[in-house]
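Data first, discussion second: the structure below is written as structure tokens.
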Amino acid sequence: MDEPRVSAADRERALRELSQHFGDGRLTLTEFEDRSATAAAATYPEQLAELFVDLPAATPPFASIRASVGVSPLAILTASITMTAVLLFIATGNTLWLLLLTGAAMILVVRRVG
């Protein structure tokens, strides 16, 4: 493939959009889990675009997105932890995941900034 690789921000955006479609009832839990795993492992924009071919588009297609520049590793890590917490909460219905993992992300930020 000659196209540029997707960024972590692109994968996070795909996960947010999949979560929205799941919340709107367009995806079953199994479809959501499968597509989320594919989005997390995606390398190229086409891999992300394929996840949304049967869903209404909320934003421009992933195939036209270029990699983001200037995102700090801490921002990526905290966003990833927060998305994991949300996905675990949705999958299990247990709010403990939100509290623990979001708290861990906040501790990372406070230690890094402070």
Side-chain angles (χ1 to χ4, degrees):
M1 294 186 150
D2 290 290
E3 58 189 312
R5 296 171 150 258
V6 294
S7 66
D10 294 333
R11 286 186 286 277
E12 289 170 12
R13 178 176 151 220
L15 289 171
R16 281 192 307 272
E17 288 190 27
L18 288 170
S19 295
Q20 182 64 45
H21 287 297
F22 176 70
D24 291 342
R26 293 186 188 102
L27 297 172
T28 66
L29 180 58
T30 303
E31 289 172 321
F32 173 71
E33 289 172 344
D34 291 345
R35 291 181 194 213
S36 293
T38 301
T43 306
Y44 297 99
E46 284 301 315
Q47 293 169 312
L48 292 177
E50 289 172 8
L51 299 173
F52 297 93
V53 294
D54 61 338
L55 298 169
T59 53
F62 284 97
S64 65
I65 295 175
R66 298 294 177 238
S68 300
V69 178
V71 178
S72 75
L74 181 62
I76 293 169
L77 178 62
T78 55
S80 298
I81 290 171
T82 303
M83 285 301 300
T84 301
V86 169
L87 292 173
L88 286 170
F89 167 69
I90 290 170
T92 65
N94 189 344
T95 57
L96 186 60
W97 290 112
L98 288 174
L99 296 172
L100 289 176
L101 293 176
T102 305
M106 290 180 6
I107 289 170
L108 282 172
V109 170
V110 169
R111 284 190 175 179
R112 179 68 178 195
V113 174

So do His21 and Pro56 actually touch side chain to side chain, heavy atoms under 4.5 Å?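 Yes; the side chains approach each other to less than 4.5 Å.
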Please collect all salt bridge (charged side-chain N to carboxylate O under 4.0 Å, His left out) contacts where either partner lies in residues 25-44, sequence neighbours excluded, each pair once.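 Output for this query lists Asp24-Arg26, Arg35-Asp54.
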When Ile, Leu, Val, Met, Phe, Trp and Tyr are grouped by side-chain heavy atoms lying under 4.5 Å apart, directly or through other members, which residues fall in the same group as Ile107?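 Result for Ile107 is none, singleton.
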Mind checking ring-ring contact (aromatic ring centres under 6.0 Å, His included) for Phe89 and listing every partner two or more places apart, or none if nothing turns up?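 ring-ring contact (aromatic ring centres under 6.0 Å, His included) check on Phe89 returns nothing, list empty.
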Output the distance between atom [atom1] ([X]) and atom [atom2] ([Y]), rounded to the nearest 0.5 Å.
X: Leu100; Y: Thr95; atom1: CG; atom2: OG1; answer: 9.5 Å
X: Arg11; Y: Thr43; atom1: CZ; atom2: OG1; answer: 7.0 Å
X: Met83; Y: Leu18; atom1: CE; atom2: CG; answer: 8.5 Å

Could you report the tightest heavy-atom contact between [X] and [Y], atom names first, then the distance?
X: Ala39; Y: Ala14; answer: CB-CB, 4.1 Å
X: Leu101; Y: Ala85; answer: CB-CB, 3.6 Å
X: Ser19; Y: Leu87; answer: OG-CD2, 3.8 Å
X: Leu48; Y: Ala42; answer: CD2-CB, 3.5 Å

On the 0 to 90° scale, with breaks at 30° and 60°, tag the Phe32-Phe22 ring pair as parallel, tilted or perpendicular.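 If you compare the ring of Phe32 with that of Phe22, the planes turn out parallel.
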What about Val53 and Leu51, same hydrophobic cluster or not, with Ile/Leu/Val/Met/Phe/Trp/Tyr joined at side-chain heavy-atom distances under 4.5 Å?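 No.
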